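Read through the structure below, which is laid out as structure tokens, and then see the notes.
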Protein chains: 2
Amino acid sequence: MEEGTSQEPGYCEGTEDFDVWQWHSRADCEVRQILDRIADKWSLLVIALLERRSLRFSELRKEVEGISQRMLTVTLRQLERDGLVKRKAYPVVPPRVDYELTDMGCTLHETIKALVTWTEEHQTAIAAARAAYDERTAKERELLGQ
Amino acid sequence: MEEGTSQEPGYCEGTEDFDVWQWHSRADCEVRQILDRIADKWSLLVIALLERRSLRFSELRKEVEGISQRMLTVTLRQLERDGLVKRKAYPVVPPRVDYELTDMGCTLHETIKALVTWTEEHQTAIAAARAAYDERTAKERELLGQ
DNA sequence: CATCCTGGGTCACTATTGGGAACTGTGGAA
DNA sequence: TTCCACAGTTCCCAATAGTGACCCAGGATG
């Protein structure tokens, strides 16, 4: 951590994207750490929901079905720390806190949307693949167990 | 589960992507479950590495720095089940197993690459945001503790 | 002949993370 | 006086990720 943050080694943007992955697969790669953060179950959903409009804490909790209070707090803190989400607290009682995407958060949403679109387009294929796989393994299991 | 899996309610592809998120934020949404799977720390890296060329188990383990044998197994199984990765086992001793992306896996790689590109482009901004956030909270902590 | 090695796993165990519920703090309402 | 709203925080426990030892089969080695 102390001497890290070196981001200009070898892999300049222009090269084939071959080498890029060499760097990214290294555990100490900063890109990989950021990816771990944003490619997260809850982060994706929160960013997605905030793109529509800013939301309050309790609204988010209701919209993101299944998230616990703690994880919503943690997720929002991380996103805020990364500069993807802005937190606006009003000193009123009861408290009111609005969360909204920053400009950077908005650009990320574009990319995330692509991922979701891909998922939508392929969900049938994936379901089919899963069914096929399960059937295959069931048969193998049968052969082994018989 | 019994009566779930209803995927044709309301949100047909053509509509504004407003409503889409309403569905996707629901815990029983299939798209959300698939997203959870593919937007996973290890899955991203594995797909990325396999796009270059097919790899053997041990090669993957070496390339994906920090992954454990078990997690690599689990990840590959999931990807295989989802039809994103093809597993080719040769009945030789010692065993040889090659993993490669399926066509669907390749299309997913395109999307993932976009995510990585975004991360590369914004990693400096994120680092800055984190530094700023940490400084801010440090100050607040100081005020509270003094 | 006995032993070891190799590669792709599995199994049993431990460390970390996430979920659930209870608690906090403040001021207005009942 | 007690209760409630909202946005958290804290604590405890269960689930999950991750670790290291072990397994299998046959060919090379001694």
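Everything numeric in this text was worked out from a predicted model, so none of it was measured. Chain A is the first sequence line, chain B the second, and so forth, proteins listed ahead of strands; every chain is numbered from 1.
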Close N or O pairs between protein and nucleotides 25-30 of chain D (under 3.5 Å):
none

Give each protein N/O atom lying under 3.5 Å from an N/O atom of nucleotides 14-21 of chain D, with the pair distance.
{"unit_1": "dA17(D)", "atom_1": "N7", "unit_2": "Arg70(B)", "atom_2": "NH2", "d": "3.4"}
{"unit_1": "dG18(D)", "atom_1": "OP2", "unit_2": "Trp42(B)", "atom_2": "NE1", "d": "2.8"}
{"unit_1": "dG18(D)", "atom_1": "N7", "unit_2": "Arg70(B)", "atom_2": "NE", "d": "2.9"}
{"unit_1": "dG18(D)", "atom_1": "N7", "unit_2": "Arg70(B)", "atom_2": "NH2", "d": "2.5"}
{"unit_1": "dT19(D)", "atom_1": "O4", "unit_2": "Arg70(B)", "atom_2": "NE", "d": "3.3"}

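Taken to the nearest 0.5 Å, the CG atom of Leu79(B) stands 8.5 Å off from the CG atom of Leu108(B).
Residues passing the side-chain contact (heavy atoms from CB on, under 4.5 Å) test with Val74(B) are Arg70(B), Gln78(B), sequence neighbours excluded. Under the salt bridge (charged side-chain N to carboxylate O under 4.0 Å, His left out) criterion, Glu65(A) pairs with Arg26(B), not counting sequence neighbours. With sequence neighbours excluded, no residue forms a side chain to side chain donor-acceptor pair (under 3.5 Å) with Arg77(B).
Rounded to an integer number of Å, the gap from CZ of Arg56(A) to P of dG8(D) is 10 Å. Summarising the geometry, the separation between CG on Leu72(B) and C1' on dG9(C) is reported as 10 Å, rounded to the nearest angstrom. Atom CZ in Arg61(B) sits about 9 Å away from atom P in dG8(C), given to the nearest Å. With rounding to whole Å, Arg96(A) atom CZ is found 17 Å from dG27(C) atom C1'.
Backbone-only contact: Arg77(B) has heavy atoms under 4.0 Å from sugar-phosphate atoms and none from a base. Using a 4.0 Å heavy-atom criterion, one finds that Ser58(B) contacts the sugar-phosphate atoms exclusively. In this structure, Tyr90(B) reaches neither bases nor backbone, as no heavy-atom distance under 4.0 Å exists between it and the strands shown.
Residues Leu35(B) and Thr119(A) share a closest heavy-atom pair of CD2-OG1, 3.6 Å.
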Worked verdict on Asp82(B) versus Tyr133(A) for side-chain contact (heavy atoms from CB on, under 4.5 Å)
CA-CA 8 Å; Asp82(B) 289 351; Tyr133(A) 178 91; over 6 Å; no

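The closest side-chain heavy-atom distance from Lys62(B) to Leu55(B) is not below 4.5 Å. Between Leu72(B) and Val46(B), some side-chain heavy-atom pair lies under the 4.5 Å cut-off. A 4.5 Å side-chain heavy-atom check between Glu121(B) and Thr117(B) finds at least one atom pair inside the cut-off. With a 4.5 Å cut-off on side-chain heavy atoms, Thr75(A) and Leu45(A) do not count as touching. Between Ile126(A) and Met104(B), the closest side-chain pair of non-hydrogen atoms falls below 4.5 Å.
Residues from residues 80-89 of chain B lying near DNA chain D, meaning a heavy-atom separation below 4.0 Å, are absent.
For dG8(D), the OP1/OP2 oxygens have a side-chain nitrogen or oxygen of Tyr99(A) closer than 4.0 Å.
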